[in-house]
Amino acid sequence: MPEPWTTDVRRFGTIDSTNRYLLDEARAGAPDGVVAVADHQTAGRGRLGRTWEAPPGANLLVSVLLRPAIGPAERHLATTAVALAAVDAVAALGAPGLSDVSVKWPNDLVDPAGRKLAGVLAESDLARPGADDGPPDPVVVGVGINVNWPGDDTELPPELRGHAVSLRQLAGGTVDREALLDGFLVALGPRVTDLGSPSGRLRLAGDLLSSCSTVGTRVRVDLPDGSFEGTATGISPEGHLVVATGEGTRTVVAGDVVHVRPGS
Ligand code: BT5
């Protein structure tokens, strides 16, 4: 069995948020390579103040502390590295039904029907940049993967019905969370190594392109100052989404993307 990326895995029964925990650890000087895993989060975070839902003991809730020596323009690739490790780990479970999971840019894992299987949240503390001669600034990347919840749509809150899916549903039976965590930590090693070199970062962007169901799709991009529509045509070397619109090409660094079905 290949080695896991780290052995510093801190386990929690109940915690507010594994991302919050590691951001605090990072502020206190914790090094690259700390992992936090929880059975239950009382304040699981999504992006933009949204929440991440998971009942106790059912799903994988894990965050990793990275200190990649990369500039702000390439920080998206930290999300990419973790999302690709999650895709790798799901595929490594080897169950039928789990090989068609893709990445919906910027931070979701989805099934072929577009239902959300997992979400990735990268947070950094750029208000407190590190000293020039200190370790690189931290980025905490958390992923929530729906493993054994929901068992079916009726278990979901109404707003998630038809929009969320679990590995259990896709595999047709319960899935071992520990095996998934082990696979994730193994898959993370080469992905994090890739973050540290220009050629590795190109590989991450290329692998994101191969795994990304957004590319080739008609999309609506929601930005803080408005929305626009176009066709997603590629991924930039920094991991950003390239969208062709009637007025030319736009590169999206951050935003919410909706896959628009023709005619909708
Ligand atoms: C995300 O945000 O998808 C990032 C989720 C990251 C969660 C992990 S768990 C470990 C670590 N610690 C944390 O505190 N967070 C991270 P976003 O793209 O904003 O999506 C959030 C939206 O997804 C919600 O507003 C719901 O609509 C939907 N959602 C919530 N829980 C879900 C679930 N279990 N499955 C599918 N969709 C869900």
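All values derive from a computational prediction rather than experimental measurement. Quick note: numbers below take in every heavy atom, side chains included, and nothing from hydrogens, waters or symmetry partners. Counting starts at 1 for both ligands and their atoms, following the listed order.
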Student: For His259 together with Trp105, are the ring centres under 6.0 Å from each other?
Tutor: no
Student: Around atom 3 (O) of ligand 1, find the nearest protein heavy atom and jot down its residue, atom name and distance.
Tutor: Lys116 NZ, 2.7 Å
Student: So is Arg250 actually on top of Phe228's ring, under 6.0 Å and inside 45° of the axis?
Tutor: yes
Student: Using a 3.5 Å cut-off on N or O atoms only, is Asn59 in polar contact with ligand 1?
Tutor: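 No, no N or O pair falls under 3.5 Å.
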Student: Determine, using heavy atoms of Thr51 and all atoms of ligand 1, whether some pair is separated by less than 4.0 Å.
Tutor: yes
Student: Sort and list the pairs that fulfil side-chain hydrogen bond (donor to acceptor under 3.5 Å, both in side chains) and have at least one residue in residues 232-243, not counting sequence neighbours.
Tutor: Ser236-Glu238
Student: Of the protein's non-hydrogen atoms, which lies at the shortest distance from atom 27 (O) of ligand 1, and what is that distance?
Tutor: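 Answer, as residue, atom name and distance: Leu160 CD2, 3.7 Å.
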Student: Enumerate donor-acceptor pairs with a distance under 3.5 Å from any side-chain N or O in residues 116-123 to protein atoms, sequence neighbours excluded.
Tutor:
{"from": "Lys116", "atom 1": "NZ", "to": "Asp108", "atom 2": "OD1", "distance (Å)": "2.8"}
{"from": "Glu123", "atom 1": "OE1", "to": "Asn19", "atom 2": "ND2", "distance (Å)": "2.9"}
{"from": "Glu123", "atom 1": "OE1", "to": "Arg45", "atom 2": "NH1", "distance (Å)": "2.9"}
{"from": "Glu123", "atom 1": "OE2", "to": "Arg45", "atom 2": "NH1", "distance (Å)": "2.8"}

Student: Could you verify whether a donor N or O on one side chain and an acceptor N or O on the other, from Thr245 and Glu229, lie under 3.5 Å apart?
Tutor: no
Student: Just to check, does Ala54 reach to within less than 4.0 Å of ligand 1 when the distance is taken from its heavy atoms?
Tutor: no
Student: Just jot down the ligand 1 atoms closer than 4.0 angstrom to any heavy atom of Arg45, in number order.
Tutor: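 The atoms of ligand 1 under 4.0 Å from a heavy atom of Arg45 are 5 (C), 6 (C), 7 (C), 13 (C), 14 (O), 15 (N), 16 (C).
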Student: With a cut-off of 4.0 Å, which atoms of ligand 1 are near a heavy atom of Leu121?
Tutor: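 Here the atoms of ligand 1 in question are 4 (C), 6 (C).
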Student: In the protein, which heavy atom is nearest to atom 38 (C) of ligand 1, and how far is it?
Tutor: Trp52 CZ3, 3.4 Å
Student: Of the listed options (Lys104, His163, Gln41), which comes nearest to atom 12 (N) of ligand 1 when hydrogens are ignored and any heavy atom counts?
Tutor: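 Going through Lys104, His163, Gln41 one by one, Gln41 has the nearest heavy atom to atom 12 (N) of ligand 1.
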Student: For Asn146, counting its heavy atoms only, list the atoms of ligand 1 lying under 4.0 Å from any of them.
Tutor: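 Listed by number with element, the hits are 33 (C), 34 (N), 35 (N), 36 (C).
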Student: Below 3.5 Å, N or O to N or O, backbone or side chain included: is there any such pair between Trp149 and ligand 1?
Tutor: no
